[in-house]
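To keep things clear, I will list the structure first and then write my remarks on it.
Residue numbers start from 1 in every chain, and the chains themselves are labelled A, B, ... in the order their sequence lines are given, proteins ahead of strands. Note that these values count all heavy atoms, side chains included, but never hydrogens, waters or copies made by symmetry.
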There are 2 protein chains.
Amino acid sequence: MEKKTRSDCPISCSLDVFGDKWSLLIIRDVMLRGKLSYSEFLTSEEKIASNILVNRLNVLEEENILIKEVSATNKSKFVYSLTQKGADLLPIVIEIMDWGAKYNEQCPRRDLGKQIKKDKAGVIKELSQALKKKVK
Amino acid sequence: MEKKTRSDCPISCSLDVFGDKWSLLIIRDVMLRGKLSYSEFLTSEEKIASNILVNRLNVLEEENILIKEVSATNKSKFVYSLTQKGADLLPIVIEIMDWGAKYNEQCPRRDLGKQIKKDKAGVIKELSQALKKKVK
DNA sequence: AAATAGCTCTTGCATTTTGCAATAACTTTG
DNA sequence: CAAAGTTATTGCAAAATGCAAGAGCTATTT
């Protein structure tokens, strides 16, 4: 499997991995919403198509951002969790949320948004701690 | 021009605007590399196609992230600069660069990358100051 | 063991976006 | 006027996306 990177710029390389409209929403679901499985991702409000979802999950797994395991409670089900590499996307996700909450009037500054405005570093620290326990 | 947002999640809304493989590279060129014009963006190492570039510049202008003005030195040339909204993308760009430098071995941790590792907050602060003078 | 239900993944097809090459339209420069 | 520089457009092929249907697998129920 050869990778086609457009350049050796770290930003460009990162965007080669998750620079699309869906990957970071899946990461968000795992990271901030406790979603774990294909069926949960599929029912998120943005309504990702099933073939796109499978494709992105596979890419994120190949890139070692997500890990796929058989569910402990239901052996016909898979659960996805973040690797350390995936958990380290948290600051990116937070900054994107912060910017979006600030500049998109259609997207009310809810929940985390308000909290981030007050204390971004605190929120990141707190969520990092929480993730640390879940990282595979 | 109606906007089609997939949801009212700030992350989703943000990705609706710049969630593609090119927009943030243009932002990077303006923000970190002092590039100003169509022709400069066109010659970046990632080799964006001219039609994509025109499309993204138009979107970024419509979104009030970039401002397009006639060059002072060459009246047949346009120069782009960041608005405050565009300059506020700096933390996102920095975090993406940081992650990319950490996890992509093909993308050597150069220049800013090393500096960010040592003192991310300092780098952001310094670049913010520099941008503040240039924002339109 | 057969039927049912839940979950993941695949397929086919239409639509949209992207990539690439050529070039048009315009302005400044010599 | 000619040449060079700059931005934008067009046509066509390739790739990605959206949507609908359903196949394959496992666990549960009867």
| note | Rounded to whole Å, CG of B/Asp20 lies from C1' of D/dA16 at a distance of 13 Å

| request: Report the residue (A/Ile52 or A/Lys75) whose heavy-atom-nearest nucleotide on DNA chain D is the more 5′ of the two. | output: A/Ile52

| query | When all nucleic acid strands are considered with a 4.0 Å heavy-atom cut-off, which category describes B/Phe41: base, sugar-phosphate, or nothing? | reply | nothing

| query | Where the side chain of A/Ser71 meets the backbone of A/Lys77, is there a donor-acceptor pair that is under 3.5 Å apart? | reply | no

What are the atom names and distances for every N/O pair under 3.5 Å that joins the protein to nucleotides 23-25 of chain D?
none

| Expected output: side-chain B/Glu40 to main-chain B/Ser37 donor-acceptor under 3.5 Å | yes

| query | Under a 4.0 Å N-O cut-off, is there an ion pair linking B/Lys21 with B/Glu46? | reply | no

| task | Kindly indicate whether a cation-pi arrangement holds for B/Lys68 with B/Phe78, taking the cut-offs as under 6.0 Å to the six-membered ring centre and within 45° of the axis. | result | yes

| Looking at the side chain of B/Tyr38, which of C/dC7, D/dA8, C/dT8 is the nearest nucleotide? | D/dA8

| query | Would A/Leu127 end up clustered with A/Val135 when hydrophobic side chains under 4.5 Å apart are linked, directly or stepwise? | reply | no

| said: From CG of A/Leu53 over to P of D/dC19, roughly how many Å is that when rounded to an integer? | reply: 14 Å

| Integer-rounded Å distance: D/dT9 P and B/Asn55 CG | 11 Å

| remark: When rounded to whole Å, the CG to C1' distance for the pair A/Leu36 and C/dC7 reads 14 Å

| message | Can you tell me which nucleotide in D/dT7, D/dT9, C/dT28 comes closest to the side chain of B/Lys77? | response | D/dT7

| Minimum-distance nucleotide to A/Arg56 side chain [options: D/dA8, D/dA16, D/dA27] | D/dA16

| task | Can you tell me the distance, in whole Å, between the CZ atom of A/Phe78 and the C1' atom of D/dA27? | result | 13 Å

| Flag, side chain of A/Trp99 to backbone of A/Asn104, donor-acceptor distance under 3.5 Å | no

| message | Can you see if the side chain of B/Trp22 gets near the phosphate of C/dG19 - specifically, an N or O under 4.0 Å from OP1 or OP2? | response | yes

| Within the distance-only criterion (no hydrogens, no angle test), does the side chain of B/Asp20 pair as donor or acceptor with the backbone N or O of A/Gly19 below 3.5 angstrom? | no

| What is the nucleic acid contact for B/Asn51, judged by heavy atoms within less than 4.0 Å: base, sugar-phosphate only, or nothing? | base

| message | Can you see if the side chain of B/Lys68 gets near the phosphate of D/dA8 - specifically, an N or O under 4.0 Å from OP1 or OP2? | response | yes

| request: To the nearest Å, give me how far apart CG (A/Asn58) and P (D/dA16) are. | output: 14 Å

| Within the structure shown, what part of the strands sits under 4.0 Å from A/Ser50 by heavy-atom distance: base, sugar-phosphate, or nothing? | base

| task | Provide, to the nearest angstrom, the distance between the NZ atom belonging to B/Lys21 and the C1' atom belonging to C/dT17. | result | 13 Å

| message | What is the separation between atom CG on B/Leu42 and atom P on C/dG19, rounded to the nearest whole Å? | response | 13 Å

